[in-house]
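As a basis for the values below, the full set of heavy atoms in this structure was taken, side chains included, without hydrogen atoms, waters or symmetry mates. We number each residue from 1, following the sequence as shown.
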Amino acid sequence: MGLRIQADAHHHLIVPDNPIIPYIEGDGIGREIWAAAEPVIHAAVDKAFQGMKKIEFLELLFGETSFHTSDQRLEEDVLSRIREYRVAIKGPLATPVGRGIRSLDARIRQGLDLHTCIRPLRYYPPVPSPVKHPEKVDIVVFRENTEDLYAGIEWDARSDEARSLINILKSRMNCSISDTCAIGIKPISQEGTRRLVIRAVQYALDHDRASVTLMHKGDIMKYTEGGFRKWGYRAAVETFGDRVLTEEQLWSGYEGVVPQGRVVIKDRLADMMFAQMLLGPEQFDVIACPNLNGDYISDAVAAQVGGLGISPGANIGDECAVFEPTHGTAPDIAGKDMANPCAIILSGATMLDHLGWTSAAVLIRKGVAGALASGKVTRDLASNIPGGEAVSCSQFGRNIVAQIKAANL
(Lines give C-alpha, C1' and ligand atoms only; values in the text may rest on other atoms or scores of the structure.)
Protein backbone atom coordinates (compact mmCIF):
# COMPACT_ATOMS: atom_id res chain seq x y z
CA MET A 1 0.00 0.00 0.00
CA GLY A 2 1.47 3.34 -1.08
CA LEU A 3 2.05 6.29 1.23
CA ARG A 4 1.80 10.03 0.66
CA ILE A 5 4.90 12.15 0.31
CA GLN A 6 5.28 14.55 3.22
CA ALA A 7 7.35 17.71 3.73
CA ASP A 8 9.09 19.34 6.66
CA ALA A 9 8.74 22.94 7.81
CA HIS A 10 11.27 24.06 5.19
CA HIS A 11 9.35 22.36 2.34
CA HIS A 12 11.96 19.59 2.00
CA LEU A 13 10.30 16.39 0.81
CA ILE A 14 10.06 13.33 3.03
CA VAL A 15 9.67 10.52 0.50
CA PRO A 16 8.58 7.02 1.59
CA ASP A 17 9.88 3.94 -0.20
CA ASN A 18 6.45 3.45 -1.79
CA PRO A 19 5.08 6.92 -2.61
CA ILE A 20 1.73 7.50 -4.25
CA ILE A 21 2.15 9.84 -7.23
CA PRO A 22 -0.87 11.12 -9.17
CA TYR A 23 -0.73 11.16 -12.95
CA ILE A 24 -2.87 12.80 -15.60
CA GLU A 25 -2.78 10.79 -18.79
CA GLY A 26 -3.34 13.82 -20.98
CA ASP A 27 -5.12 14.39 -24.26
CA GLY A 28 -4.35 13.43 -27.84
CA ILE A 29 -1.21 11.30 -27.72
CA GLY A 30 -1.22 11.45 -23.92
CA ARG A 31 -2.58 7.94 -23.46
CA GLU A 32 0.04 6.22 -25.61
CA ILE A 33 3.06 8.16 -24.42
CA TRP A 34 2.09 7.57 -20.79
CA ALA A 35 1.62 3.86 -21.53
CA ALA A 36 5.20 3.84 -22.85
CA ALA A 37 6.59 5.95 -19.98
CA GLU A 38 5.14 4.21 -16.93
CA PRO A 39 7.01 0.88 -17.44
CA VAL A 40 10.24 2.83 -18.02
CA ILE A 41 9.90 4.64 -14.69
CA HIS A 42 9.09 1.41 -12.86
CA ALA A 43 12.03 -0.40 -14.49
CA ALA A 44 14.49 2.34 -13.51
CA VAL A 45 13.28 2.46 -9.90
CA ASP A 46 13.35 -1.33 -9.58
CA LYS A 47 16.85 -1.59 -11.07
CA ALA A 48 18.30 1.29 -9.04
CA PHE A 49 16.92 0.14 -5.70
CA GLN A 50 16.79 -3.64 -6.22
CA GLY A 51 13.06 -3.76 -5.57
CA MET A 52 13.28 -1.85 -2.27
CA LYS A 53 11.43 1.18 -3.64
CA LYS A 54 8.32 1.37 -5.81
CA ILE A 55 6.00 4.13 -7.05
CA GLU A 56 2.24 3.65 -6.92
CA PHE A 57 0.65 5.81 -9.63
CA LEU A 58 -2.83 7.23 -9.03
CA GLU A 59 -4.83 8.41 -12.05
CA LEU A 60 -6.54 11.82 -12.02
CA LEU A 61 -9.00 12.75 -14.78
CA PHE A 62 -8.40 16.19 -16.24
CA GLY A 63 -8.69 17.55 -19.77
CA GLU A 64 -10.74 16.10 -22.60
CA THR A 65 -11.24 12.87 -20.68
CA SER A 66 -13.30 14.81 -18.13
CA PHE A 67 -14.94 17.57 -20.18
CA HIS A 68 -18.32 15.87 -20.12
CA THR A 69 -18.38 16.32 -16.34
CA SER A 70 -15.91 19.19 -16.01
CA ASP A 71 -16.84 22.04 -13.72
CA GLN A 72 -15.15 24.20 -11.14
CA ARG A 73 -15.55 21.54 -8.46
CA LEU A 74 -13.79 18.92 -10.57
CA GLU A 75 -10.91 21.27 -11.29
CA GLU A 76 -10.54 22.13 -7.62
CA ASP A 77 -10.65 18.45 -6.72
CA VAL A 78 -7.75 17.71 -9.09
CA LEU A 79 -5.70 20.59 -7.70
CA SER A 80 -6.51 19.49 -4.16
CA ARG A 81 -5.32 15.95 -4.87
CA ILE A 82 -2.03 17.20 -6.30
CA ARG A 83 -1.55 19.39 -3.21
CA GLU A 84 -2.28 16.38 -1.03
CA TYR A 85 0.29 14.12 -2.73
CA ARG A 86 2.80 16.94 -3.49
CA VAL A 87 4.26 15.44 -6.67
CA ALA A 88 2.45 14.61 -9.93
CA ILE A 89 3.23 13.88 -13.57
CA LYS A 90 1.03 14.65 -16.56
CA GLY A 91 0.78 14.36 -20.31
CA PRO A 92 -0.14 17.22 -22.67
CA LEU A 93 -3.53 18.84 -22.17
CA ALA A 94 -5.84 20.39 -24.75
CA THR A 95 -8.01 23.36 -23.90
CA PRO A 96 -11.49 23.31 -25.51
CA VAL A 97 -12.39 26.20 -27.80
CA GLY A 98 -15.34 28.22 -26.55
CA ARG A 99 -15.81 26.35 -23.29
CA GLY A 100 -13.96 25.66 -20.09
CA ILE A 101 -11.09 27.71 -18.75
CA ARG A 102 -8.63 29.50 -21.04
CA SER A 103 -5.75 27.11 -20.39
CA LEU A 104 -5.81 23.92 -18.36
CA ASP A 105 -2.03 24.02 -17.99
CA ALA A 106 -2.19 27.61 -16.75
CA ARG A 107 -4.93 26.60 -14.33
CA ILE A 108 -2.64 23.97 -12.80
CA ARG A 109 0.40 26.26 -12.66
CA GLN A 110 -1.39 29.27 -11.24
CA GLY A 111 -3.82 27.33 -9.06
CA LEU A 112 -0.94 25.50 -7.36
CA ASP A 113 1.47 28.47 -7.48
CA LEU A 114 4.02 26.43 -9.41
CA HIS A 115 6.17 29.49 -9.79
CA THR A 116 9.27 27.94 -11.36
CA CYS A 117 9.34 26.11 -14.67
CA ILE A 118 12.53 24.08 -15.14
CA ARG A 119 13.52 22.76 -18.55
CA PRO A 120 16.79 20.80 -18.88
CA LEU A 121 17.99 20.82 -22.49
CA ARG A 122 20.79 18.62 -23.81
CA TYR A 123 21.63 16.69 -26.94
CA TYR A 124 21.17 12.94 -27.43
CA PRO A 125 22.97 11.61 -30.53
CA PRO A 126 22.06 10.77 -33.26
CA VAL A 127 18.89 12.88 -33.00
CA PRO A 128 18.78 15.16 -36.06
CA SER A 129 19.51 18.83 -35.39
CA PRO A 130 19.54 21.96 -37.57
CA VAL A 131 22.83 23.18 -36.08
CA LYS A 132 26.38 21.91 -36.62
CA HIS A 133 27.30 21.28 -33.00
CA PRO A 134 24.21 20.45 -30.93
CA GLU A 135 26.44 18.54 -28.49
CA LYS A 136 27.60 21.92 -27.13
CA VAL A 137 24.15 22.49 -25.65
CA ASP A 138 23.73 21.43 -22.00
CA ILE A 139 21.53 24.09 -20.47
CA VAL A 140 18.84 24.29 -17.80
CA VAL A 141 16.25 27.05 -18.23
CA PHE A 142 14.54 28.43 -15.11
CA ARG A 143 11.42 30.27 -16.28
CA GLU A 144 9.18 32.29 -13.96
CA ASN A 145 5.82 30.58 -14.33
CA THR A 146 3.04 32.78 -12.92
CA GLU A 147 3.71 36.45 -13.81
CA ASP A 148 4.56 38.53 -16.88
CA LEU A 149 2.15 38.57 -19.83
CA TYR A 150 1.06 35.03 -18.93
CA ALA A 151 -0.86 36.41 -15.98
CA GLY A 152 -3.63 36.89 -18.54
CA ILE A 153 -4.46 40.50 -17.61
CA GLU A 154 -5.64 41.91 -20.94
CA TRP A 155 -8.66 43.42 -22.66
CA ASP A 156 -9.89 43.40 -26.23
CA ALA A 157 -9.64 46.48 -28.43
CA ARG A 158 -12.60 48.86 -28.04
CA SER A 159 -13.87 46.99 -24.97
CA ASP A 160 -15.16 49.08 -22.09
CA GLU A 161 -12.21 47.97 -19.96
CA ALA A 162 -9.66 48.90 -22.62
CA ARG A 163 -11.30 52.28 -23.19
CA SER A 164 -11.31 53.01 -19.45
CA LEU A 165 -7.66 52.11 -19.02
CA ILE A 166 -6.60 54.03 -22.14
CA ASN A 167 -8.42 57.09 -20.82
CA ILE A 168 -6.55 56.85 -17.52
CA LEU A 169 -3.21 56.39 -19.28
CA LYS A 170 -3.81 59.40 -21.52
CA SER A 171 -5.39 61.76 -19.03
CA ARG A 172 -3.42 60.99 -15.88
CA MET A 173 -0.08 59.65 -17.11
CA ASN A 174 0.41 61.60 -20.33
CA CYS A 175 0.74 58.43 -22.46
CA SER A 176 0.37 58.59 -26.22
CA ILE A 177 -1.78 55.61 -27.15
CA SER A 178 -4.42 54.92 -29.78
CA ASP A 179 -8.03 54.52 -28.71
CA THR A 180 -8.20 51.37 -30.86
CA CYS A 181 -5.52 49.45 -28.97
CA ALA A 182 -6.02 46.20 -27.13
CA ILE A 183 -4.39 46.45 -23.71
CA GLY A 184 -2.31 43.96 -21.72
CA ILE A 185 -0.57 44.29 -18.36
CA LYS A 186 2.92 42.88 -17.71
CA PRO A 187 3.39 42.30 -13.96
CA ILE A 188 6.86 41.32 -12.76
CA SER A 189 7.44 41.39 -9.02
CA GLN A 190 10.50 41.50 -6.81
CA GLU A 191 9.29 38.51 -4.80
CA GLY A 192 8.55 36.47 -7.93
CA THR A 193 11.98 37.25 -9.33
CA ARG A 194 13.69 36.52 -6.05
CA ARG A 195 12.28 33.03 -5.55
CA LEU A 196 13.06 32.08 -9.16
CA VAL A 197 16.67 33.28 -9.09
CA ILE A 198 17.37 31.74 -5.69
CA ARG A 199 16.18 28.38 -6.98
CA ALA A 200 18.28 28.74 -10.16
CA VAL A 201 21.47 29.63 -8.25
CA GLN A 202 20.91 26.83 -5.74
CA TYR A 203 20.55 24.40 -8.64
CA ALA A 204 23.81 25.66 -10.16
CA LEU A 205 25.64 25.21 -6.85
CA ASP A 206 24.17 21.75 -6.27
CA HIS A 207 25.00 20.52 -9.79
CA ASP A 208 28.43 22.11 -10.25
CA ARG A 209 27.26 24.54 -12.92
CA ALA A 210 29.58 27.47 -13.60
CA SER A 211 27.09 30.26 -14.23
CA VAL A 212 23.55 31.59 -14.02
CA THR A 213 22.56 34.06 -16.75
CA LEU A 214 19.70 36.50 -16.18
CA MET A 215 17.95 36.89 -19.54
CA HIS A 216 15.96 40.12 -19.87
CA LYS A 217 15.03 43.06 -22.10
CA GLY A 218 15.76 45.70 -19.50
CA ASP A 219 17.12 48.21 -21.99
CA ILE A 220 13.56 48.78 -23.24
CA MET A 221 11.32 47.60 -20.37
CA LYS A 222 13.36 49.29 -17.67
CA TYR A 223 11.07 48.73 -14.70
CA THR A 224 9.68 45.26 -15.43
CA GLU A 225 12.50 43.33 -17.09
CA GLY A 226 15.04 45.85 -15.84
CA GLY A 227 13.63 45.18 -12.40
CA PHE A 228 14.06 41.45 -12.99
CA ARG A 229 17.75 42.03 -13.67
CA LYS A 230 18.26 44.26 -10.63
CA TRP A 231 16.28 42.05 -8.24
CA GLY A 232 17.96 38.92 -9.61
CA TYR A 233 21.46 40.15 -8.85
CA ARG A 234 20.34 41.33 -5.42
CA ALA A 235 18.71 37.98 -4.57
CA ALA A 236 21.82 36.05 -5.60
CA VAL A 237 24.24 38.21 -3.60
CA GLU A 238 22.06 38.55 -0.49
CA THR A 239 21.22 34.84 -0.36
CA PHE A 240 24.50 33.18 -1.34
CA GLY A 241 27.16 35.73 -0.37
CA ASP A 242 30.69 34.74 -1.39
CA ARG A 243 29.47 31.56 -3.14
CA VAL A 244 28.57 33.78 -6.11
CA LEU A 245 30.42 36.46 -8.01
CA THR A 246 29.55 38.78 -10.87
CA GLU A 247 31.13 38.65 -14.30
CA GLU A 248 33.06 41.83 -13.47
CA GLN A 249 34.46 40.25 -10.32
CA LEU A 250 35.36 37.10 -12.25
CA TRP A 251 37.63 39.00 -14.64
CA SER A 252 39.00 41.60 -12.22
CA GLY A 253 39.87 39.13 -9.48
CA TYR A 254 40.15 35.67 -11.05
CA GLU A 255 41.30 36.28 -14.65
CA GLY A 256 38.15 34.64 -15.98
CA VAL A 257 38.64 31.30 -14.22
CA VAL A 258 35.67 30.36 -12.03
CA PRO A 259 36.88 29.28 -8.55
CA GLN A 260 35.77 25.86 -7.33
CA GLY A 261 32.43 26.00 -5.56
CA ARG A 262 31.51 29.44 -6.93
CA VAL A 263 28.84 30.42 -9.46
CA VAL A 264 29.09 33.42 -11.78
CA ILE A 265 25.97 35.60 -12.02
CA LYS A 266 25.75 37.44 -15.34
CA ASP A 267 23.04 38.93 -17.52
CA ARG A 268 22.29 39.19 -21.24
CA LEU A 269 19.71 41.06 -23.28
CA ALA A 270 17.09 38.70 -24.67
CA ASP A 271 17.71 39.52 -28.35
CA MET A 272 21.47 39.09 -27.92
CA MET A 273 20.85 35.83 -26.10
CA PHE A 274 19.27 34.15 -29.11
CA ALA A 275 22.27 34.98 -31.28
CA GLN A 276 24.77 33.84 -28.65
CA MET A 277 22.86 30.62 -28.10
CA LEU A 278 23.49 29.72 -31.73
CA LEU A 279 27.07 31.00 -31.90
CA GLY A 280 28.36 29.79 -28.54
CA PRO A 281 25.88 27.79 -26.43
CA GLU A 282 28.70 26.30 -24.34
CA GLN A 283 29.07 29.62 -22.50
CA PHE A 284 25.70 29.11 -20.77
CA ASP A 285 24.85 26.69 -17.98
CA VAL A 286 21.70 27.88 -16.21
CA ILE A 287 19.40 30.59 -17.60
CA ALA A 288 16.91 32.43 -15.37
CA CYS A 289 14.28 34.56 -17.07
CA PRO A 290 10.79 36.05 -16.92
CA ASN A 291 7.89 34.01 -18.23
CA LEU A 292 7.70 35.12 -21.87
CA ASN A 293 11.47 35.09 -22.42
CA GLY A 294 11.57 31.63 -20.88
CA ASP A 295 8.93 30.32 -23.25
CA TYR A 296 10.82 31.66 -26.25
CA ILE A 297 14.34 30.60 -25.30
CA SER A 298 13.45 27.11 -24.09
CA ASP A 299 11.63 26.26 -27.32
CA ALA A 300 14.44 27.74 -29.41
CA VAL A 301 17.11 25.74 -27.57
CA ALA A 302 14.93 22.62 -27.77
CA ALA A 303 15.00 23.02 -31.55
CA GLN A 304 18.82 23.08 -31.46
CA VAL A 305 18.93 19.66 -29.80
CA GLY A 306 16.21 17.99 -31.85
CA GLY A 307 12.85 19.48 -30.92
CA LEU A 308 10.16 19.40 -28.27
CA GLY A 309 9.77 15.64 -28.64
CA ILE A 310 12.81 15.09 -26.40
CA SER A 311 12.34 18.10 -24.08
CA PRO A 312 11.19 17.45 -20.50
CA GLY A 313 9.63 19.99 -18.17
CA ALA A 314 9.00 20.56 -14.47
CA ASN A 315 6.73 23.04 -12.70
CA ILE A 316 7.90 23.56 -9.12
CA GLY A 317 6.30 25.44 -6.26
CA ASP A 318 6.89 25.64 -2.53
CA GLU A 319 4.18 23.09 -1.74
CA CYS A 320 4.09 20.76 -4.76
CA ALA A 321 5.46 19.98 -8.21
CA VAL A 322 4.05 18.80 -11.53
CA PHE A 323 6.24 17.25 -14.25
CA GLU A 324 5.24 17.25 -17.91
CA PRO A 325 6.45 17.07 -21.52
CA THR A 326 6.70 20.44 -23.20
CA HIS A 327 5.02 19.46 -26.48
CA GLY A 328 1.34 19.54 -27.39
CA THR A 329 -1.33 16.88 -27.85
CA ALA A 330 -0.61 16.10 -31.57
CA PRO A 331 -4.20 15.03 -32.31
CA ASP A 332 -3.33 14.16 -35.93
CA ILE A 333 -1.34 11.11 -34.80
CA ALA A 334 -3.26 10.30 -31.60
CA GLY A 335 -4.15 6.62 -31.29
CA LYS A 336 -1.71 5.53 -34.01
CA ASP A 337 1.07 4.37 -31.66
CA MET A 338 3.66 6.50 -33.43
CA ALA A 339 4.24 9.39 -31.03
CA ASN A 340 7.66 10.07 -29.53
CA PRO A 341 7.48 9.38 -25.75
CA CYS A 342 10.94 10.76 -24.88
CA ALA A 343 9.72 14.04 -23.41
CA ILE A 344 7.41 12.48 -20.83
CA ILE A 345 9.96 9.74 -20.05
CA LEU A 346 12.67 12.34 -19.45
CA SER A 347 10.15 14.36 -17.39
CA GLY A 348 9.85 11.21 -15.29
CA ALA A 349 13.62 11.29 -14.79
CA THR A 350 13.39 14.92 -13.66
CA MET A 351 10.63 13.88 -11.26
CA LEU A 352 12.88 11.19 -9.79
CA ASP A 353 15.62 13.80 -9.32
CA HIS A 354 13.08 15.88 -7.40
CA LEU A 355 12.32 12.91 -5.15
CA GLY A 356 16.02 12.45 -4.46
CA TRP A 357 16.05 9.13 -6.37
CA THR A 358 18.90 10.28 -8.59
CA SER A 359 20.27 6.83 -9.42
CA ALA A 360 16.94 5.90 -11.03
CA ALA A 361 16.87 9.18 -12.95
CA VAL A 362 20.37 8.47 -14.29
CA LEU A 363 19.22 5.05 -15.50
CA ILE A 364 16.33 6.58 -17.43
CA ARG A 365 18.63 9.03 -19.19
CA LYS A 366 21.05 6.20 -19.99
CA GLY A 367 18.16 4.14 -21.30
CA VAL A 368 16.89 6.95 -23.52
CA ALA A 369 20.40 7.67 -24.80
CA GLY A 370 20.97 4.01 -25.62
CA ALA A 371 17.62 3.57 -27.36
CA LEU A 372 18.19 6.69 -29.46
CA ALA A 373 21.74 5.64 -30.32
CA SER A 374 20.44 2.31 -31.66
CA GLY A 375 18.70 4.15 -34.48
CA LYS A 376 15.45 2.27 -33.82
CA VAL A 377 13.36 5.32 -33.03
CA THR A 378 9.91 6.76 -33.58
CA ARG A 379 8.91 8.01 -37.00
CA ASP A 380 9.55 11.70 -36.30
CA LEU A 381 13.25 10.93 -35.81
CA ALA A 382 13.88 7.89 -38.01
CA SER A 383 13.45 9.62 -41.35
CA ASN A 384 16.32 12.02 -40.60
CA ILE A 385 18.77 9.54 -39.08
CA PRO A 386 21.00 7.70 -41.59
CA GLY A 387 20.04 4.06 -41.35
CA GLY A 388 17.27 4.87 -38.90
CA GLU A 389 14.43 2.41 -38.43
CA ALA A 390 10.96 3.59 -37.42
CA VAL A 391 9.38 1.75 -34.50
CA SER A 392 6.13 2.33 -32.65
CA CYS A 393 5.78 4.42 -29.53
CA SER A 394 5.15 1.31 -27.46
CA GLN A 395 8.13 -0.54 -28.96
CA PHE A 396 10.41 2.41 -28.34
CA GLY A 397 9.33 2.39 -24.70
CA ARG A 398 10.15 -1.33 -24.49
CA ASN A 399 13.55 -0.63 -26.04
CA ILE A 400 14.31 1.87 -23.27
CA VAL A 401 13.27 -0.66 -20.63
CA ALA A 402 15.65 -3.19 -22.19
CA GLN A 403 18.47 -0.63 -22.14
CA ILE A 404 17.80 0.07 -18.44
CA LYS A 405 17.80 -3.60 -17.50
CA ALA A 406 21.13 -4.10 -19.31
CA ALA A 407 22.78 -0.98 -17.88
CA ASN A 408 25.59 -1.03 -15.35
CA LEU A 409 24.77 0.60 -12.03
Side-chain angles (χ1 to χ4, degrees), residues 116-125 127 129-144 193 196-220 225-226 228-237 240 242-308 310-313 326 350 365:
T116 300
C117 175
I118 304 174
R119 293 184 63 180
L121 298 157
R122 54 167 287 197
Y123 179 64
Y124 290 91
V127 173
S129 166
V131 300
K132 290 182 178 179
H133 294 289
E135 73 280 358
K136 292 183 178 181
V137 175
D138 185 5
I139 293 166
V140 183
V141 175
F142 279 69
R143 167 191 174 190
E144 202 290 320
T193 300
L196 175 85
V197 172
I198 288 173
R199 192 176 287 271
V201 176
Q202 188 64 62
Y203 179 94
L205 288 165
D206 291 343
H207 294 84
D208 198 26
R209 296 277 183 156
S211 68
V212 174
T213 303
L214 306 176
M215 176 185 177
H216 63 93
K217 193 60 179 157
D219 58 333
I220 302 300
E225 302 220 359
F228 178 88
R229 175 188 180 275
K230 176 178 68 176
W231 299 324
Y233 274 114
R234 183 183 301 166
V237 172
F240 299 99
D242 62 5
R243 288 189 290 170
V244 301
L245 66 159
T246 66
E247 212 167 16
E248 181 181 355
Q249 291 170 329
L250 174 68
W251 288 100
S252 63
Y254 300 93
E255 298 182 346
V257 179
V258 182
Q260 184 68 31
R262 304 280 286 275
V263 169
V264 178
I265 310 300
K266 54 187 178 180
D267 72 279
R268 296 291 185 272
L269 293 174
D271 45 353
M272 183 189 301
M273 191 82 176
F274 283 97
Q276 293 183 343
M277 192 59 65
L278 288 170
L279 296 171
E282 67 275 10
Q283 65 188 293
F284 301 108
D285 289 290
V286 176
I287 300 170
C289 44
N291 209 331
L292 185 60
N293 288 339
D295 198 359
Y296 289 158
I297 195 68
S298 57
D299 279 15
V301 177
Q304 289 182 230
V305 296
L308 296 178
I310 58 170
S311 300
T326 56
T350 305
R365 295 186 181 103

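Between Gly294 and Cys289, the shortest heavy-atom contact is CA-SG, 3.3 Å. Here the closest heavy-atom approach between residue Gly261 and residue Leu205 is recorded as O-CD2, 3.7 Å. Shortest non-hydrogen contact noted between Val263 and Ala204 is CG2-CB, 3.9 Å. Taking all atoms of both residues into account, the shortest heavy-atom contact from Arg119 to Ser298 is NH1-OG, 2.7 Å. Minimum heavy-atom separation, Val197 to Ala288: CG2-CB, 4.5 Å. Minimum heavy-atom separation, Thr350 to Pro120: OG1-CG, 4.0 Å.
Using a cut-off of 4.0 Å between Lys/Arg side-chain N and Asp/Glu carboxylate O, Asp138 and Arg209 are scored as salt-bridged.
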Pair Val127-Val305, side-chain contact (heavy atoms from CB on, under 4.5 Å): steps then yes or no: CA-CA 7 Å; Val127 173; Val305 296; over 6 Å; no
What's the verdict on side-chain contact (heavy atoms from CB on, under 4.5 Å) for Val131 and Lys136, showing C-alpha distance, side-chain angles and the deciding distance? CA-CA 10 Å; Val131 300; Lys136 292 183 178 181; over 6 Å; no
Before giving the answer on side-chain contact (heavy atoms from CB on, under 4.5 Å), spell out for Gln260 and Asp208 the whole-Å C-alpha distance, their side-chain angles and the decisive distance to 0.1 Å. CA-CA 9 Å; Gln260 184 68 31; Asp208 198 26; 4.1 Å; yes
As a quick check of understanding, evaluate side-chain contact (heavy atoms from CB on, under 4.5 Å) for Ser211 and Val258, giving each step before the final call. CA-CA 9 Å; Ser211 68; Val258 182; over 6 Å; no
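Within the 3.5 Å criterion, the main-chain N or O of Asp242 finds a donor-acceptor partner in the side chain of Arg262. Remark: the backbone N or O of Gln304 is paired with a side-chain donor or acceptor of Ser129 at under 3.5 angstrom. Between the side chain of Thr213 and the backbone N or O of Phe284, no donor-acceptor pair lies under 3.5 Å.
A distance of 8.5 Å separates CG in Asp271 from CD1 in Ile220, rounded to the nearest 0.5 Å. Interatomic distance, Glu247 CD to Trp251 CH2, rounded to the nearest 0.5 Å: 8.5 Å. Here the CG atom belonging to Leu278 is positioned 13.0 Å from the NE2 atom belonging to His133, to the nearest 0.5 angstrom. Atoms CZ and NZ, from Phe228 and Lys217 in turn, are 15.0 Å apart once rounded to the nearest 0.5 Å. Going from atom CZ of Arg234 over to atom CD1 of Ile265 covers 15.0 Å, rounded to the nearest 0.5 Å. Atom CG of residue Leu214 and atom CG of residue Leu269 lie 11.5 Å apart, to the nearest 0.5 angstrom.
Of the options Thr193, Asn293, Asp267, a side chain to side chain donor-acceptor pair (under 3.5 Å) to His216 is made by Asp267 and by none of the others.
Using a 4.5 Å heavy-atom threshold, the side chains of Met273 and Ile287 count as touching. Using a 4.5 Å heavy-atom threshold, the side chains of Glu135 and Val137 count as separate. With a 4.5 Å cut-off on side-chain heavy atoms, Glu144 and Thr116 do not count as touching. Between Val244 and Val201 the shortest side-chain heavy-atom distance falls below 4.5 Å. Taking the side chain as every heavy atom from C-beta outward, Tyr254 and Leu245 approach each other to under 4.5 Å. Between Ile139 and Val286, every side-chain heavy-atom pair lies at or beyond the 4.5 Å cut-off. Inter-residue side-chain proximity for Ile297 and Val141 is flagged as met; some heavy-atom pair is nearer than 4.5 Å.
Around the CZ atom of Phe274, the shell of radius 6.0 Å holds more than 12 heavy atoms that belong to other residues, nucleotides or ligands.
Cation-pi geometry between Arg199 and Tyr203 is not satisfied (NZ or CZ under 6.0 Å from the ring centre, within 45° of the ring normal).
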